[in-house]
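Note sheet for the following structure.
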2 protein chains.
Amino acid sequence: MESREISQAVIRRLPRYYRYLGELLENGVERISSNDLSKRMQVTASQIRQDLNNFGGFGQQGYGYNVKYLYTEIGKILGLEEEHGMIIIGAGNLGHALANHAGFEKRGFVLKGIFDVNPTLKGMTIRGVPIYMMDELEDFMKNSDIEIGILTIPKAKAIEVANQLVDYGIKAIWNFAHTDLNLPDNVIVENVHLSESLMRLSYNISRYNEEHRAEK
Amino acid sequence: MESREISQAVIRRLPRYYRYLGELLENGVERISSNDLSKRMQVTASQIRQDLNNFGGFGQQGYGYNVKYLYTEIGKILGLEEEHGMIIIGAGNLGHALANHAGFEKRGFVLKGIFDVNPTLKGMTIRGVPIYMMDELEDFMKNSDIEIGILTIPKAKAIEVANQLVDYGIKAIWNFAHTDLNLPDNVIVENVHLSESLMRLSYNISRYNEEHRAEK
DNA sequence: TAGATTGTTAATCGATTAACAATC
DNA sequence: TAGATTGTTAATCGATTAACAATC
C-alpha cells in the first residue's frame with residue numbers, strides 16, 4: 001500500500017483547479033503551464049506542481065499540462081466519475097434551493113429523495129424528486145443506494161437525524177446545520193456553516209475599518 | 001500602530017469558538033478552562049490559548065475564562081456589535097433561503113433589500129424586505145447604508161454586478177457564484193462555493209472506498 | 001539540438017504543539 | 001498558601017516556496 005496521506009490544504013485547492021481547468025477547456029485552451037495557470041489563479045507555480053504531484057505526474061517537461069487530460073484526471077480524483085446518490089433532509093428554503101440546483105447532477109450527484117416532517121408537503125416533488133415523510137426514511141434507505149445525506153434542518157434535529165442516517169448506513173453527510181456532528185470515523189462530514197462564513201466577512205470589515213481609522 | 005497581522009487560520013476558527021461559547025452560555029456555564037474547551041471542540045488547549053492571545057489576555061491564571069466575557073469579546077472582534085446593512089442580488093431559491101434566514105439579523109446583519117431582474121417579483125417582499133429591480137440598484141445604494149452585497153446569481157452576471165457594486169461603494173461581497181471575483185483590495189470578498197464543498201465530500205468518499213478496497 | 005517546463009529535492013516560512021514560569 | 005491555569009517562549013511539525021537537474 002503506497003497510499004500517502006494527502007493534506008487537507010491540498011484537497012481544499014483541488015476543486016478550484018478543477019474549476020479553472022474546466023473554464024480553460026470551455027475556452028478551447030489545449031495546454032497550460034504551471035506558470036500560466038499560476039497567474040490566473042493567483043497561486044504560485046510551485047504550489048501547483050507540488051499539489052498535482054501528490055497524485056502523479058500529469059505534465060510533460062517542456063510542454064506543460066494537457067488541459068483536457070488534467071481536467072479529467074482531477075475529476076477522477078475528486079470522485080466525479082462515479083454516481084453519488086443523495087437525499088436532502090429538510091424541505092425548507094435551503095433544502096429547496098439545493099434541490100433545485102441542477103448543476104450537481106452533471107457532476108454525478110443525483111438527488112433521489114427529499115424528506116420533511118411537514119405533512120402538507122407529502123407527495124409533492126421538486127424538480128421531479130419526491131418529498132417523503134421522515135417516517136419513510138428507514139425503508140427508503142434500505143431500498144435505495146444513498147451515499148450522501150444533506151442536512152438542512154435546525155441543529156437539534158440535525159444531530160438526531162445524523163445519527164439515524166449513520167444507523168441506516170449513510171457514507172457521508174453534507175451538514176448545513178449550525179452544529180458540529182460527532183459521528184463515527186467511517187462517516188465523512190463536510191460542514192457548510194454559513195453564519196461562520198458571514199462572521200469572517202464581518203471580521204474583515206471591522207479590521208479594515210480599524211486600519212482606516214488608524215490611518216487618519 | 002501595534003496591529004500585527006492575524007493569520008487566516010486563526011480567523012477561520014474564531015466563529016467556531018464563538019459558537020461553542022454561545023452554547024456554554026445558554027447552558028449556564030460560567031467559566032471554562034482551555035483544557036475543558038479543548039475536549040469539547042477537539043482542538044488542543046495550546047491552540048485555544050494561542051489563538052485567543054492574538055487578541056489579548058481574556059483569561060485568568062488559576063481560573064480559566066469567563067464564558068460570558070469571552071463570548072462578548074469574541075463577538076466584538078468579529079464585528080457583531082455593529083450593524084451591517086446587506087442586500088441580496090438574485091431572488092432565486094438561494095436568495096430566498098438567505099433572505100428568510102432570520103438568524104443573521106440578531107447578529108447585526110440587517111437585510112435591507114433584494115434585487116432581481118424578473119419584473120414579476122417587483123414590489124413583492126420576503127420577510128418584509130422589498131424586492132427591487134436591478135435598475136433601482138444605483139439609487140438604492142446611494143440612499144441606504146449598505147456594507148455587504150450578497151451575490152446569488154450565475155457567474156457571468158456575478159462578475160458584472162460585483163463591479164457595479166464596487167463602483168457604488170460596497171465594502172464587502174458574500175459571493176455564492178461559482179467564480180472568483182477579482183476586485184480591488186479594499187473590497188472584502190468571502191466566497192461560498194457549494195459545489196467545491198460537495199467535491200471535497202466526494203473526494204473523501206472515494207478515498208475511503210479505495211482504502212477499504214485495499215484492506216481486502 | 002535548444003528551449004521550455006516539469007518533477008522533485010532542499011530551504012524557508014509559518015502554524016501548531018509542548019513546556020513552564022508567572023500569577024491568580 | 002497551594003493548586004490551577006493562563007500567557008508566552010521554545011521546539012516541532014508541516015506546508016509553501018525556491019531552485020535546479022531531468023527530460024520532453
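It should be emphasised that the depicted structure is a prediction, and the values quoted were computed from it without experimental measurement. Naming convention: chains lettered A, B, ... in sequence-line order (proteins, then strands); numbering from 1 in each chain.
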Open item on the list: Between the side chains of B/E83 and B/R107, is the shortest nitrogen-to-carboxylate-oxygen separation below 4.0 Å, so that they form an ion pair?
Closed with: no

Task: Sub-4.0 Å heavy-atom contacts from residues 58-76 of chain B onto DNA chain D, ordered by number - done: B/F58, B/G59, B/Q60, B/Q61, B/G62, B/Y63, B/G64, B/Y65

Task: Distance test, side-chain N/O of A/S34 to OP1/OP2 of C/dT5, below 4.0 Å - done: no

Task: A/R13 side-chain N/O to D/dT16 phosphate OP1/OP2 under 4.0 Å - done: yes

Task: Partner of A/I77 by side-chain contact (heavy atoms from CB on, under 4.5 Å), out of A/N54, A/L14, A/T72, A/L52 - done: A/L14

Task: Salt-bridge present (A/D180, B/R19; N to O < 4.0 Å) - done: yes

Task: Atom-to-atom span, CD1 of A/I48 to C1' of C/dG7 - whole angstrom - done: 14 Å

TODO: Provide, to the nearest angstrom, the distance between the CG atom belonging to B/N54 and the P atom belonging to C/dG14.
DONE: 14 Å

Task: Residue A/S33, side-chain atoms from C-beta onward, closest of D/dT17, C/dT5, D/dA19 - done: C/dT5

Task: Strand DNA chain C as a dot-bracket string - pairs counted if Watson-Crick or G-U with both distances under 3.5 Å, | where the partner lies in another strand - done: ..||||||||||||||||||||||

Task: Nearest to side-chain heavy atoms of B/Q47, which nucleotide of C/dT17, C/dT6, D/dA18 - done: C/dT17

- [ ] Could you tell me whether the side chains of B/Y71 and B/N66 share a donor-acceptor contact shorter than 3.5 Å?
- [x] no

- [ ] Sort out for me which residue in A/I88, A/L98, A/I153 forms a side-chain contact (heavy atoms from CB on, under 4.5 Å) with A/F176.
- [x] A/L98

Open item on the list: Rounding to an integer number of Å, can you tell me how far B/Q50 CD sits from D/dC13 P?
Closed with: 16 Å

Task: Donor-acceptor pair, side chain of B/D116 and main chain of B/A91, under 3.5 angstrom - done: yes

Task: Separation of C/dT6 C1' from A/L37 CG (nearest whole Å) - done: 14 Å

- [ ] Kindly say if B/R49 contacts the phosphate of D/dG7, meaning a side-chain N or O under 4.0 Å from OP1 or OP2.
- [x] no

- [ ] May I have the distance from B/D51 (atom CG) to D/dT6 (atom P), rounded to whole angstrom?
- [x] 14 Å

Open item on the list: With a 4.0 Å cut-off on N to O distance, would you call A/E23 and B/K155 a salt bridge?
Closed with: yes

Task: Protein-nucleotide distance (A/Q8, atom CD; D/dT16, atom C1'), rounded to Å - done: 17 Å

Task: Close aromatic pair by centroid cut-off 6.0 Å: B/F109 and B/W174 - done: no

TODO: Report which part of the nucleic acid B/S46 touches: base, sugar-phosphate, or nothing (heavy-atom distance under 4.0 Å, all strands).
DONE: base

Task: Ion pair check, B/R16 and A/E196, cut-off under 4.0 Å - done: no

Open item on the list: From NZ of A/K39 over to C1' of C/dT5, roughly how many Å is that when rounded to an integer?
Closed with: 13 Å

Open item on the list: Measuring from the side chain of A/T44 (C-beta onward, heavy atoms only), which nucleotide among D/dT17, C/dT17, C/dG7 has the closest atom?
Closed with: D/dT17

Open item on the list: What is the separation between atom CD on B/E5 and atom P on C/dA15, rounded to the nearest whole Å?
Closed with: 11 Å

Task: Sidechain N-carboxylate O distance under 4.0 Å for B/K76, B/E81 - done: no

